[in-house]
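Here the structure comes first, spelled out in structure tokens, and everything after it is commentary.
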Amino acid sequence: MDRRIHVLSSNEPGPVPAQQTVVHTSPRGRVVACDSAYHVAAGNRDRDVVCNASYAGVLPARFIASHRPRGAIGMDCGIGMDGAGIAGLWYLEALDIPGAAVDVMTVELGNGVDLFERAVISRLNEPARRCGVREGMPAKEAALLMLEHDPGTVDAPSAITNRTVVHTAADGRQVVCTDSIAFGQEEDRGRNVLCTAGHTGRSAVPYLRDVAPHGFICSDGGWGRDGSGTAGLAIVEADGLAGATVDARTARMGDGLSTWADGTISAANTLAVARGVTVGMSAREAAVRLLEG
């Protein structure tokens with residue numbers, strides 16, 4: 001059977017590039033399936049979402065990005081050493097192209113149609129998330145979300161804080177996630193617990209003092225020589241600030257929500273310990289203890 005061209009509707013906009021199968025059409029464009037990233041073509045530019053059965057690494061992303069489709073879904077190929085199987089997602093993110101990868105155990109390698117019909121999303125970039133794509137979602141649903149939604153206008157870097165309230169106590173005080181302690185606000189002073197995602201070295205201390213939250217959880221930054229990634233914990237005790245760090249291996253640097261959702265406590269200062277925080281505790285539990293203590 002020749003799977004190179006399969007037109008579902010006679011009124012589709014423009015010709016279907018060779019070696020692609022159209023699996024969905026809408027007034028905004030098409031979802032096309034192809035067995036390799038090398039089959040993405042100029043005819044997909046600014047219109048189509050491409051489901052390609054290549055790994056989602058940097059090399060395939062370069063070929064995909066050269067034709068700027070509306071979105072792209074590839075395979076994670078087990079993630080691999082140094083995350084090479086999905087590294088292209090951030091290459092696409094830098095160009096504001098929604099991208100995602102499917103769990104390789106849910107797809108037949110080299111079969112783009114199977115990826116669309118049966119695979120499940122395992123990883124995605126921020127533009128895809130802004131389109132509504134989520135981990136664990138069927139690839140078919142993810143592709144349609146990319147097709148029907150634009151990732152939106154990207155704010156200037158200084159305006160991107162990703163501030164999210166994840167817990168509210170009975171008295172109204174909150175656990176707030178933000179991607180850097182530098183993004184704390186006046187309303188956090190002496191009131192809220194901040195889950196942030198930068199290291200807790202000496203350079204974080206001026207920001208911690210400036211915000212002065214009721215409590216904080218940052219990253220240990222991989223610990224560093226002489227424990228320098230957590231040095232700020234002891235320094236800010238003199239300011240009455242209770243704080244802890246998460247193991248950088250358990251939560252994503254630069255992602256405060258990951259600190260809250262994924263992080264495991266690796267260190268805490270004496271003020272945090274007095275509120276019940278212990279090494280090995282989940283950041284979720286630690287944050288609530290810091291808030292209620």
Side-chain angles (χ1 to χ4, degrees), residues 126 155-293:
E126 183 59 27
D155 291 330
S158 60
I160 300 173
T161 66
N162 293 326
R163 184 181 174 90
T164 306
V165 175
V166 292
H167 176 82
T168 303
D171 62 2
R173 294 182 303 119
Q174 299 174 323
V175 176
V176 180
C177 295
T178 187
D179 293 343
S180 170
I181 191 65
F183 298 149
Q185 298 182 3
E186 183 61 32
E187 65 195 72
D188 300 318
R189 184 178 303 277
R191 176 177 174 82
N192 295 332
V193 169
L194 297 179
C195 289
T196 78
H199 69 73
T200 319
R202 292 174 54 191
S203 60
V205 170
Y207 298 101
L208 289 166
R209 287 173 168 164
D210 185 55
V211 178
H214 181 65
F216 67 89
I217 301 176
C218 302
S219 174
D220 65 17
W223 206 254
R225 194 179 75 237
D226 302 326
S228 54
T230 64
L233 292 178
I235 296 172
V236 300
E237 282 190 351
D239 302 278
L241 300 182
T245 59
V246 295
D247 187 328
R249 297 170 297 182
T250 66
R252 291 186 294 274
M253 295 286 294
D255 185 344
L257 282 170
S258 182
T259 297
W260 159 263
D262 307 314
T264 299
I265 298 300
S266 60
N269 64 20
T270 59
L271 299 177
V273 170
R275 296 188 195 176
V277 177
T278 60
V279 171
M281 177 181 287
S282 73
R284 286 175 180 262
E285 182 178 356
V288 173
R289 291 194 180 193
L290 284 170
L291 186 68
E292 296 178 349

* To do: Kindly indicate whether the side chain of T264, heavy atoms from C-beta on, has any atom under 4.5 Å from the side chain of V246.
  => no
* Asked: Is there a donor-acceptor pair closer than 3.5 Å between any side-chain N or O of R189 and the backbone N or O of G184?
  -> no
* **Side-chain heavy-atom pair I217, I265 within 4.5 angstrom cut-off** => yes
* Shortest non-hydrogen contact from D179 to G256? -> OD1-N, 2.9 Å
* R275 side-chain N/O to G243 backbone N/O, donor-acceptor pair under 3.5 Å -> no
* Find out whether I235 and R209 are in side-chain contact, i.e. whether some heavy atom of one side chain is under 4.5 Å from a heavy atom of the other. => yes
* **Heavy atoms from other residues, nucleotides or ligands near CZ of R249 exceed 12 (cutoff 6.0 Å)** => no
* Asked: Got a donor-acceptor contact below 3.5 angstrom from the H199 side chain to the M253 backbone?
  -> no
* Asked: Only one of N192, D188, L208 forms a side-chain contact (heavy atoms from CB on, under 4.5 Å) with F216, so which one is it?
  -> L208
* Can you measure from CG (L194) to CZ (R163) and round to the nearest 0.5 angstrom? => 6.5 Å
* Structure fact -> Of all heavy-atom pairs linking L291 and R191, the shortest is CD1-O, 3.9 Å
* **Exercise: identify the closest heavy-atom pair between V205 and G232** => CG2-CA, 3.8 Å
* **Spatial distance of atom OG1 (T168) from atom CZ (R173) [nearest 0.5 Å]** => 11.0 Å
* Structure fact -> Only residue of T230, D247, T250, D220 satisfying side-chain hydrogen bond (donor to acceptor under 3.5 Å, both in side chains) with S266 is D220
* Does a side-chain heavy-atom distance below 4.5 Å link T196 with S180? -> no
* Taking atom CZ of R202 as the centre, does the number of heavy atoms from other residues, nucleotides or ligands within less than 6.0 Å exceed 12? -> no
* Asked: Is a donor on one side and an acceptor on the other found under 3.5 Å between the side chain of D226 and the backbone of S228?
  -> no
* Asked: Should E285 and R289 count as side-chain neighbours, where that means a heavy-atom distance under 4.5 Å?
  -> yes
* To do: Working to the nearest 0.5 Å, report the span between CG of D262 and CZ of R284.
  => 8.0 Å
* **Minimum side-chain heavy-atom gap C195-V175 below 4.5 Å** => yes
* Supply the atom-to-atom distance L233 CG to L241 CG, rounded to the nearest 0.5 angstrom. => 10.5 Å
* **Nearest non-hydrogen partners of A248 and G222, listed with the distance** => CB-N, 3.3 Å
* Asked: Within the distance-only criterion (no hydrogens, no angle test), does the side chain of T200 pair as donor or acceptor with the backbone N or O of S219 below 3.5 angstrom?
  -> yes
